[in-house]
Each structure stands twice: as structure tokens, then as C-alpha cells.
Amino acid sequence: MLKRLLLVIVLIGVVPSGARGPLDREPTMAAVRAFFGPRAGFDEVDAELISRARQTIDMAAYVLTDRRVIDALESAAKRGVKVRLYLDPEQPGGRDATGGRVQQLLRAGNVAARVKAQGMDYMHLKTFQVDGRWLRTGSTNFSFAGQRRQDNDIIVLESRAVAEAFIQQFEILWKRSGNIDLRP
């Protein structure tokens, strides 16, 4: 089990519909875990969080090439977890998903993937939600270098309100016209 580097209870603002601006946020309590890498065990954070999934995972991934993350997603899908991936078209896992590990993941069942329409700005998120309870975000791509070599961070928030805010945004991304469905 990965040793927690930091646990802090903070107030997180979630912008409700109808809010006038970002300062009109309703605060909610969230447990926050912050991880900074590279360091031993940094790459375990995503796999451990994905292994907790029992119902859903929605992932927006600028790069999705890390074998450990893809294996964890595949294991979750085989357990019956519904996995949705939203990928950038210019990055590995997006444009290159017709071959390789992401394509194998799609064959696992319970996995749907869409690529953002070409010609638009980057889909630069490195974020996923698990079961509407946890949200993982930060600067770390889902890649070997991002997880094990680069100076990056991962922030895990345990908050249904924060996870729900991401799910609402994910639905907007997922339903964009011009998205391309990836098929196995």
C-alpha cells in the first residue's frame, strides 16, 4: 500500500449552476491527498485508485500510454466497472489508439472511448473520477515518463461534490459534436 504523503481537509469551491462568478462558490469538505514525483511509489497512485472502482470511471487523458494504468483500467472493466475514456487526438492513445494497448483495452468490454475532434485546441486534462466519490487530477500524464521521470503532481480529492462537478464537465466533453468513437 502506498504511503500517503499529505492528508489535509480543505474547503473546495464547486460552482453551482446559476452562480454569478467563481467567488460565488458553495464550499464543501474534501479530503485531499497530494503526491509529488518522481519518487518511489509515485506510479502506484493511479493504479491503486482505479482498483477501488466498483461502478464507474470517467477519464480525460491527454496521454494514455502507461501500461500499469491501462492494465488497472482493463481489470476494472473486467470486474464490471463502466469505463469511459476521452482522449486528445494528437497524443498517444488518441490518434494512435487503432493499435496497441488502448485498442486492447477497448476489447475488454465495458469500455467506451472517444477522441476529441481534430482541429480543436488540446484536450489537456489528466483527470479521472471513480464511482462519483474520488477525483484524481494534477500535472501528471498517464505515461511512463509522466509517472516515473518527470517533476509532476497528482492530487486526489475524496468528495462527491467535486467528483460530480467533474462528471458534469465530462458529459459536456463526451457529447461534443465531431468526437470520434473508438472501436475495437
Side-chain angles (χ1 to χ4, degrees), residues 1-10 12 14 28-88 91-94 101-102 104-106 108-114 123-171 173-174:
M1 172 104 6
L2 182 64
K3 182 180 176 185
R4 301 286 180 232
L5 299 178
L6 178 65
L7 173 59
V8 180
I9 302 296
V10 297
I12 303 291
V14 177
T28 184
M29 296 296 286
V32 178
R33 294 165 187 89
F35 305 88
F36 302 93
R39 63 179 293 150
F42 187 67
D43 59 326
E44 296 175 21
V45 176
D46 289 331
E48 181 183 324
L49 185 56
I50 291 167
S51 75
R52 294 180 179 196
R54 297 296 174 259
Q55 298 170 342
T56 62
I57 297 172
D58 294 322
M59 176 182 279
Y62 178 62
V63 175
L64 179 57
T65 58
D66 186 86
R67 181 178 305 258
R68 191 168 190 175
V69 171
I70 293 171
D71 287 348
L73 289 167
E74 185 175 4
S75 292
K78 288 179 178 178
R79 287 193 314 273
V81 175
K82 292 182 180 162
V83 177
R84 294 190 299 173
L85 306 172
Y86 188 67
L87 306 168
D88 186 87
Q91 298 303 312
R101 307 272 301 147
V102 171
Q104 177 183 332
L105 175 59
L106 288 170
N110 288 327
V111 179
R114 292 186 179 169
M123 194 303 300
H124 205 246
L125 290 166
K126 300 109 175 155
T127 306
F128 65 88
Q129 72 82 23
V130 173
D131 293 343
R133 179 177 174 184
W134 293 284
L135 183 80
R136 180 273 204 206
T137 194
S139 62
T140 306
N141 281 311
F142 305 105
S143 67
F144 183 87
Q147 298 265 352
R148 295 172 189 86
R149 292 188 184 143
Q150 299 168 349
D151 299 325
N152 275 315
D153 64 353
I154 295 174
I155 309 298
V156 178
L157 300 114
E158 185 173 358
S159 166
R160 293 197 180 279
V162 173
E164 180 58 35
F166 174 73
I167 291 168
Q168 289 176 13
Q169 182 62 30
F170 189 88
E171 290 299 331
L173 302 176
W174 190 254

Flag side-chain contact, heavy atom, 4.5 Å: [X] against [Y]:
{"X": "R33", "Y": "V45", "result": "no"}
{"X": "N152", "Y": "K126", "result": "no"}
{"X": "T56", "Y": "Q129", "result": "yes"}
{"X": "L85", "Y": "L105", "result": "yes"}

Would you check if the side chain of [X] reaches a backbone N or O of [Y] as a donor-acceptor pair within less than 3.5 Å?
{"X": "D153", "Y": "S139", "answer": "yes"}
{"X": "R114", "Y": "W174", "answer": "yes"}
{"X": "S75", "Y": "A72", "answer": "no"}

Go through the steps to decide whether R101 and D71 satisfy the test salt bridge (Lys or Arg N to Asp or Glu O under 4.0 Å), and finish with yes or no.
CA-CA 9 Å; R101 307 272 301 147; D71 287 348; 2.2 Å; yes

Going by distance alone, is a donor N or O of one side chain under 3.5 Å from an acceptor N or O of the other, for Q147 and T140?
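Judged by distance alone, the side chains do not pair up.
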
Parallel, tilted or perpendicular: which one describes the rings of F166 and F170, with boundaries at 30° and 60°?
tilted

Shortest non-hydrogen contact from [X] toward [Y]:
{"X": "W134", "Y": "A163", "value": "O-CB, 4.1 Å"}
{"X": "Y62", "Y": "N141", "value": "CD2-OD1, 3.5 Å"}
{"X": "I57", "Y": "I50", "value": "CD1-CG2, 3.7 Å"}
{"X": "S159", "Y": "A30", "value": "CB-CB, 3.6 Å"}
{"X": "L157", "Y": "T137", "value": "CD1-CG2, 4.4 Å"}

Hey, is E171 close enough to R84 for a salt bridge, meaning N to O under 4.0 Å?
yes

State the [atom1]-[atom2] distance between [X] and [Y], to the nearest 0.5 angstrom.
{"X": "Q104", "Y": "I70", "atom1": "CD", "atom2": "CD1", "value": "8.5 Å"}
{"X": "Y86", "Y": "T127", "atom1": "OH", "atom2": "OG1", "value": "13.5 Å"}
{"X": "D58", "Y": "F128", "atom1": "CG", "atom2": "CZ", "value": "11.0 Å"}
{"X": "L87", "Y": "M59", "atom1": "CG", "atom2": "CE", "value": "9.0 Å"}

Tell me every residue that passes side-chain contact (heavy atoms from CB on, under 4.5 Å) with N110, counting only those two or more places apart in sequence or in another chain.
A77

For atom CZ of R79, decide whether the heavy atoms of other residues, nucleotides or ligands shown that lie under 6.0 angstrom number more than 12.
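Enclosed: over 12 neighbouring heavy atoms sit under 6.0 Å from CZ of R79.
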
Pick one: which of R133, R52, R136 meets salt bridge (charged side-chain N to carboxylate O under 4.0 Å, His left out) with E158?
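Only match with E158 under salt bridge (charged side-chain N to carboxylate O under 4.0 Å, His left out): R133.
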
Decide yes or no on side chain to side chain contact (heavy atoms under 4.5 Å, CB included) for V69 and L64, but give the supporting numbers first.
CA-CA 8 Å; V69 171; L64 179 57; 4.0 Å; yes

Apply salt bridge (Lys or Arg N to Asp or Glu O under 4.0 Å) to the pair R148 and D43, showing each step before the final yes or no.
CA-CA 6 Å; R148 295 172 189 86; D43 59 326; 3.1 Å; yes

